[in-house]
Amino acid sequence: MASGHVFATVGTTKFDLFISTLSCQNILHTLSEKGYNKLTMQIGHGTEVPCTGLIHGVDVDYFRFKDSIADDIQKADLIISHAGAGSCLEALGAGKPLLVVINEDLMDNHQIELAQQLHSDGYLLYTNCANLEQTLRDMNVSTLKPFPQADPYKFTDYLEKMFGFDHQM
């Protein structure tokens, strides 16, 4: 049984169906059954504004934008996000369990490809709005693999090797 805080984000986009689905009674009830008692949503440019307060045992709140959502990600026990590359990589880089919700209304939807690849690699779970409730019921975040941390020196080491620079002085 999980505990704690869910942080949901749409990034800088508008994804009203995601916000309305996530804040519906059934989803909040499911989150509560899974042991989550707080839901903070970053709703971006959307027109859908969720109800706030204690609903089915979940304290719901939202905001549109912040300079950084890093603190929200760090405080969360589960991230539910749109499938934008930046949002996915920020959540995974923080070592947080991630459930991605695909926006099926996007044309040329590269987000599906990203979510499918990261899912097949074992780093996240993904779904669409229609299946969000069932995915939450069935999810087991303990099966997710930790996302590898970036090596900031890998590219410079490669360039130095390519150009024959000696690393050691």
Side-chain angles (χ1 to χ4, degrees), residues 2 4-24 27-28 31 34 36 38-50 52 58-133 135-136 139-159:
H5 187 184
V6 176
F7 176 63
T9 179
V10 300
T12 58
T13 65
K14 175 183 175 182
F15 192 0
D16 283 343
L17 180 58
F18 172 56
I19 297 302
S20 65
T21 302
L22 188 58
S23 57
C24 82
I27 299 292
L28 294 173
L31 288 174
K34 296 289 277 188
Y36 296 103
K38 182 160 182 57
L39 170 62
T40 303
M41 292 181 270
Q42 183 267 320
I43 66 170
H45 291 291
T47 56
E48 182 71 29
V49 177
T52 59
V58 179
D59 182 19
V60 180
D61 200 6
Y62 76 92
F63 62 90
R64 289 199 179 274
F65 296 103
K66 289 183 178 177
D67 289 338
S68 171
I69 59 171
D71 285 343
D72 297 285
I73 288 172
Q74 284 303 319
K75 291 175 185 173
D77 299 297
L78 172 67
I79 310 294
I80 304 176
S81 175
H82 76 126
S87 296
C88 290
L89 293 176
E90 191 169 2
L92 291 171
K96 299 296 179 168
L98 177 60
L99 171 57
V100 167
V101 178
I102 303 297
N103 185 347
E104 296 176 306
D105 292 334
L106 295 178
M107 296 179 73
D108 299 322
N109 198 346
H110 66 279
Q111 292 184 0
I112 292 174
E113 295 169 3
L114 176 65
Q116 287 173 335
Q117 185 61 55
L118 290 171
H119 173 75
S120 69
D121 291 342
Y123 300 125
L124 58 75
L125 302 170
Y126 80 99
T127 190
N128 57 23
C129 288
N131 296 312
L132 179 57
E133 182 180 354
T135 301
L136 285 168
M139 77 175 180
N140 180 357
V141 296
S142 69
T143 64
L144 297 175
K145 296 188 316 192
F147 193 69
Q149 294 299 312
D151 180 354
Y153 300 106
K154 194 171 228 169
F155 183 67
T156 55
D157 290 347
Y158 172 78
L159 287 178

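Quick note: numbers below take in every heavy atom, side chains included, and nothing from hydrogens, waters or symmetry partners.
For Phe147, the ring pair (Phe, Tyr, Trp, His ring centres under 6.0 Å) criterion is met by Tyr123, not counting sequence neighbours. Residues passing the salt bridge (charged side-chain N to carboxylate O under 4.0 Å, His left out) test with Lys66 are Asp72, sequence neighbours excluded. Residues satisfying the ring pair (Phe, Tyr, Trp, His ring centres under 6.0 Å) test with Phe63, not counting sequence neighbours, are none. Take Asp121 and apply the salt bridge (charged side-chain N to carboxylate O under 4.0 Å, His left out) test, not counting sequence neighbours, and it matches no residue.
For the pair Leu39 and Asp59, the minimum side-chain heavy-atom distance is 4.5 Å or more. Put simply, the side chain of Val141 reaches to within 4.5 Å of the side chain of Leu78, judged on heavy atoms. The side-chain heavy atoms of Thr127 and Ile102, taken from C-beta on, include no pair separated by under 4.5 Å. The side-chain heavy atoms of Ile43 and Pro50, taken from C-beta on, include a pair separated by under 4.5 Å. The closest side-chain heavy-atom distance from Ser23 to Tyr62 is not below 4.5 Å. Within the 4.5 Å cutoff, the side chain of Leu98 has heavy atoms near those of the Cys88 side chain. With a 4.5 Å cut-off on side-chain heavy atoms, Leu31 and Leu136 count as touching.
Once rounded to the nearest 0.5 Å, the distance linking OG of Ser81 with CD1 of Ile73 reads 8.0 Å. Taking CZ of Phe7 as the start and CD1 of Ile79 as the end, the distance is 6.5 Å to the nearest 0.5 Å. A distance of 11.0 Å separates CD1 in Ile69 from CD in Gln74, rounded to the nearest 0.5 Å. Distance NE2/His119 to CG/Leu99: 10.5 Å, rounded to 0.5 Å. Between Tyr126 atom OH and Ile112 atom CD1 the span is 8.0 Å, to the nearest 0.5 Å. A distance of 5.0 Å separates CD1 of Ile27 from CD of Glu133, quoted to the nearest 0.5 Å.
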Determine whether Thr40 and Val6 satisfy the following criterion, side-chain contact (heavy atoms from CB on, under 4.5 Å), listing intermediate values before the conclusion. CA-CA 6 Å; Thr40 303; Val6 176; over 6 Å; no
When you look at Leu124 and Lys96, which way does the side-chain contact (heavy atoms from CB on, under 4.5 Å) test go after all the steps? CA-CA 9 Å; Leu124 58 75; Lys96 299 296 179 168; over 6 Å; no
Could you go step by step and tell me if Leu132 and Val101 meet the side-chain contact (heavy atoms from CB on, under 4.5 Å) rule? CA-CA 8 Å; Leu132 179 57; Val101 178; 4.0 Å; yes
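The heavy-atom pair separating Val100 from Ala83 by the smallest distance is CG1-CB, 3.3 Å. The two atoms that bring Ala8 and Leu22 nearest to each other are CB-CD2, 3.2 Å, heavy atoms only.
Residue pairs meeting the ring pair (Phe, Tyr, Trp, His ring centres under 6.0 Å) criterion with at least one partner in residues 64-85, sequence neighbours excluded, are His45-Phe65. Sorted by first and then second residue, the pairs that involve residues 8-17 and meet side-chain hydrogen bond (donor to acceptor under 3.5 Å, both in side chains), not counting sequence neighbours, are Thr9-Gln42, Asp16-Thr47.
Here the side chain of Thr143 pairs a donor or acceptor atom with the backbone of Asn140 at under 3.5 angstrom. A donor-acceptor pair is defined here as one N or O able to donate and one able to accept, closer than 3.5 Å; no such pair exists between the side chain of Lys38 and the backbone of Val58.
Applying side-chain contact (heavy atoms from CB on, under 4.5 Å) to Met41 and the options Ile80, Val60, Asp61 leaves one that passes, Val60.
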